[in-house]
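Residue numbers run from 1 in the order of the sequence given. One-based numbering, in listed order, for ligands and for the atoms of each.
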Amino acid sequence: MDQLEQWRAKLQEAAAETYPENKLVFGEGETKPRLMMIGEAPGGDEERLGRPFVGKAGKNLSSFLETVGLQREEIYITNVVKLRPTKINPKSGRTVNRPPSASEVEFFLPYLKEEIKLIAPEWIVTLGNVPLRAVTGEKQAVIGDYHGKASPLENGATLFALYHPAAIIYNPDLSAIYQQDLQALRTALGQ
Ligand code: URA
C-alpha cells in the first residue's frame with residue numbers, strides 16, 4: 001500500500017465511526033502534480049459518482065481548466081470536507097446541499113493537511129473561503145483579501161485563492177473579477 005492509500009484507509013476508518021451514514025468522496029488526479037485544487041465539499045453528483053467536481057461543478061472546472069491552460073489529468077483535485085453536507089429543505093422536503101459545519105471542517109482538516117503533504121504540489125488553488133481558511137490556518141481569512149494573487153505558504157507551496165464558482169452564480173458582478181483572476185493564474189503558472 002502506498003502512502004496515499006494508507007492515508008485514505010485511515011480516513012475511511014475514522015469517518016466510518018464519526019459519520020457512519022455518509023459516503024466519502026476522495027481526491028483524484030495526478031498524485032505528483034504542479035497544481036492541487038481544493039474545493040469545499042462534494043455535492044449530490046459527486047456523492048453519487050464518488051468523484052470530486054463532476055456534474056455542474058465539473059462543467060465549471062472544465063471551463064476553469066481551459067482558461068488556465070491545464071488538463072484535468074495533470075492536476076490533483078480534492079475537497080476540504082470529504083462528505084456531502086446536507087439538510088432537508090423545509091418547503092420541498094428534499095435533501096439539499098448546505099455549507100459544511102465547523103465540526104465537519106475540524107474533523108477533516110488534519111486529513112487535508114496530510115493529503116497536501118503527500119501530494120506536495122507547487123501550487124495550491126483554493127475555491128472560496130472554506131479551503132482558504134483550511135490552507136492558511138487563518139480562521140478569519142476572507143477571499144476578498146486573497147483572491148487573484150500568489151501568496152507563499154509555510155509548507156513551501158504557493159497559494160492562489162479564487163472565489164468559489166458557485167459564488168459567481170449568486171453574484172454576477174464577481175464574474176469579471178473571477179475571469180481576471182484566472183488570467184492572472186495562467187500568467188503566474190507560465191502557461
Ligand atoms: N463539487 C465539489 O467537489 N466541490 C465543491 O466545492 C463544489 C462542487
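Using a 4.5 Å cut-off on side-chain heavy atoms (C-beta onward), Pro121 and Leu35 make no contact. Using a 4.5 Å heavy-atom cutoff, the side chains of Asn155 and Ile124 are in contact.
Among all protein heavy atoms, the one lying closest to atom 8 (C) of ligand 1 is Ala57 CB, 3.3 Å.
Atom CD of Gln179 has more than 12 heavy atoms from other residues, nucleotides or ligands within 6.0 Å.
Distances between N or O atoms of Ala41 and those of ligand 1 include at least one value under 3.5 Å.
Residues forming a ring-ring contact (aromatic ring centres under 6.0 Å, His included) with Tyr163 (at least two apart in sequence, or on another chain): His147. With sequence neighbours left out, the side-chain contact (heavy atoms from CB on, under 4.5 Å) criterion links Gln6 to Met1.
Contact analysis puts Asn79 in contact with ligand 1, with a non-hydrogen atom separation below 4.0 angstrom. The shell of residues lying under 4.0 angstrom from ligand 1, judged by heavy atoms, includes His164.
Close approach of ligand 1 to Glu40 is summarised as follows: ligand atoms under 4.0 Å from at least one heavy atom of the residue are 5 (C), 6 (O). Of all atoms in ligand 1, numbered sequentially from 1 with element shown, those under 4.0 Å from a heavy atom of Gly39 are 6 (O).
Of the heavy atoms in Glu46, only side-chain atoms (C-beta onward) come closer than 4.0 Å to ligand 1.
When each of Glu40, Glu28, Glu115 is checked for a salt bridge (Lys or Arg N to Asp or Glu O under 4.0 Å) with Lys82, only Glu115 meets the rule.
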